[in-house]
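Right, one structure below, let's go through it.
Not measured: the values here are computed from a predicted model. In the text below, chain A, chain B and the rest are named by the order of the sequence lines, each starting its count at 1.
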Number of protein chains: 2
Amino acid sequence: MANTQGASTRGDGGALRCLKQVGLRPTRQRLALAGLLFGDSHRHVTAEALHAEAVDAGVRVSLATIYNTLHQFVKVGLLDEVVVDPGKSYFDTNTTEHHHFYHEDIGRLEDIPGSSVVLGRLPDPPAGKRIASVDVVIRVTGDR
Amino acid sequence: MANTQGASTRGDGGALRCLKQVGLRPTRQRLALAGLLFGDSHRHVTAEALHAEAVDAGVRVSLATIYNTLHQFVKVGLLDEVVVDPGKSYFDTNTTEHHHFYHEDIGRLEDIPGSSVVLGRLPDPPAGKRIASVDVVIRVTGDR
DNA sequence: CAATACATTAGAATCGTTCTAATTACCGAC
DNA sequence: GTCGGTAATTAGAACGATTCTAATGTATTG
């Protein structure tokens with residue numbers, strides 16, 4: 001039974017190329033996950049959600065692998081991790097500099113168009129430290 | 001056995017007044033925790049850390065009560081909760097508007113002097129939503 | 001295609017946090 | 001003060017997200 005599972009019958013050389021470039025072995029699981037994650041538009045996923053989506057799409061992959069893969073993708077710069085909720089991690093396929101709305105009521109993360117947040121002035125980092133990143137999260141909730 | 005445990009022999013009317021004002025019963029535990037939290041300078045604590053500190057100071061209090069109390073304090077505006085780490089919550093005694101350095105290497109949170117971060121421009125919230133808060137976290141790490 | 005290094009896996013373990021049901025403490029009325 | 005009712009505290013179990021472990025499977029290299 002060659003080609004065990006979906007995500008391959010199309011021009012998904014994108015996923016392959018992408019993994020090659022960052023030096024990760026193109027395994028069946030990583031190819032499938034890259035296929036799910038790196039489509040036309042940017043995405044925000046949790047580990048559990050991606051796992052559900054993969055299983056749903058007929059991709060056999062364990063939750064452990066989801067975690068491994070997400071963290072590897074972060075390490076090589078394919079993904080960003082966004083911290084907005086103690087106890088859940090979000091992963092963002094948009095790795096360009098930008099910020100987020102977090103919909104507290106429904107637990108959804110949304111990109112803010114780059115230009116509409118302006119950081120006027122940044123403080124010097126504490127002595128002996130360097131700035132790793134600047135995260136801006138605007139928490140929003142239902143109106144009423 | 002009156003006055004079971006420390007934190008009372010001094011002019012800690014501060015803690016008492018503070019609880020009265022927000023309408024929380026001044027129990028032994030809440031008084032002790034308020035005493036630990038609201039001193040001269042602002043603090044950033046995790047639940048576990050505060051518990052350790054309390055036990056250390058001879059205050060008999062359970063971890064469950066630490067969590068209950070911290071959340072109540074947040075609800076009445078005595079504390080802010082700061083999200084910087086998936087899987088740990090920090091509580092901040094500084095409830096005025098300000099932002100944070102997060103020392104990723106050692107898991108420490110530090111206030112940024114109010115004036116040294118300037119948000120030049122904020123986006124409109126998504127339709128039907130209102131902005132609950134704007135969090136800026138500058139992640140820093142050891143130099144080398 | 002064999003050898004080897006790397007990936008994946010199920011399930012157990014861990015972490016921080018929340019829940020539960022039982023006990024204890026505060027507080028106002030007497 | 002004592003009593004009673006309500007609210008707070010508690011130990012320990014339960015929980016959800018994540019990480020770990022040791023065994024099995026798979027991509028790569030020669």
Side-chain angles (χ1 to χ4, degrees), chain A residues 1-5 7-8 15-20 22-34 44-55 59-76 78-79 81-91 107 109, chain B residues 1-5 7-8 15-16 19-20 22-34 44-55 59-76 78-79 81-91 107 109:
Chain A
M1 61 195 77
N3 183 10
T4 314
Q5 226 46 266
S8 331
L16 210 175
R17 224 175 309 119
C18 157
L19 291 176
K20 281 260 159 88
V22 299
L24 286 175
R25 276 193 190 174
T27 64
R28 174 174 60 76
Q29 292 84 340
R30 294 208 271 235
L31 283 167
L33 296 178
H44 301 104
V45 300
T46 61
E48 295 279 358
L50 182 60
H51 185 234
E53 188 179 338
V55 167
V59 179
R60 290 190 317 92
V61 60
S62 73
L63 190 52
T65 296
I66 298 281
Y67 277 103
N68 290 340
T69 305
L70 286 173
H71 287 139
Q72 288 154 358
F73 282 7
V74 169
K75 186 156 9 168
V76 300
L78 289 175
L79 289 177
E81 189 172 358
V82 184
V83 183
V84 286
D85 185 329
K88 242 203 301 268
S89 269
Y90 287 78
F91 296 87
L109 202 56
Chain B
M1 58 191 78
N3 184 10
T4 315
Q5 222 49 265
S8 334
L16 210 174
L19 292 176
K20 282 258 157 89
V22 298
L24 287 174
R25 275 196 190 172
T27 64
R28 173 175 60 76
Q29 291 84 341
R30 294 210 271 235
L31 283 167
L33 295 179
H44 302 102
V45 300
T46 61
E48 296 279 358
L50 182 59
H51 185 234
E53 188 180 338
V55 167
V59 179
R60 289 191 317 92
V61 61
S62 73
L63 190 51
T65 296
I66 298 281
Y67 278 103
N68 290 340
T69 304
L70 286 173
H71 287 139
Q72 288 153 358
F73 282 7
V74 169
K75 185 155 11 170
V76 300
L78 289 175
L79 290 177
E81 189 171 358
V82 184
V83 183
V84 286
D85 186 330
K88 241 202 302 263
S89 270
Y90 286 79
F91 295 87
L109 202 56

CD1 of B/Ile66 to NE2 of B/His71: how many Å apart, nearest 0.5 Å?
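The NE2 atom of B/His71 is 11.5 Å from CD1 of B/Ile66, to the nearest 0.5 Å.
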Indicate the atoms forming the closest heavy-atom contact of [X] with [Y], along with that distance.
X: B/Phe73; Y: B/Arg30; result: CZ-O, 4.2 Å
X: A/Pro26; Y: A/Leu31; result: O-CD1, 3.8 Å
X: A/Pro86; Y: B/Glu81; result: CG-OE2, 4.1 Å

Figure out the [atom1]/[atom2] separation between [X] and [N], and round it to whole Å.
X: B/Leu31; N: C/dC27; atom1: CG; atom2: P; answer: 9 Å
X: A/Leu19; N: D/dT28; atom1: CG; atom2: C1'; answer: 15 Å
X: A/His51; N: C/dT8; atom1: NE2; atom2: C1'; answer: 12 Å
X: A/Arg30; N: C/dT9; atom1: CZ; atom2: P; answer: 11 Å

Show, in sequence, the C-alpha distance, side-chain angles and deciding distance for A/Val83 and B/Val84, and conclude whether the side chain to side chain contact (heavy atoms under 4.5 Å, CB included) test is met.
CA-CA 6 Å; A/Val83 183; B/Val84 286; 5.6 Å; no
Of B/Lys20 and A/Ile66, the one whose closest DNA chain C nucleotide lies more 5'
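Result of the comparison: A/Ile66.
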Any side-chain heavy atom of B/Gln72 sitting closer than 4.5 Å to one from B/Tyr67?
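No, their side chains stay 4.5 Å or more apart.
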Any side-chain N or O of A/Thr65 under 4.0 Å from OP1/OP2 of C/dT9?
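Yes.
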Per-nucleotide protein contact along nucleotides 14-25 of chain C, 5' to 3', at a 4.0 Å heavy-atom cut-off (B base, S sugar-phosphate only, - neither), is --SBBB------
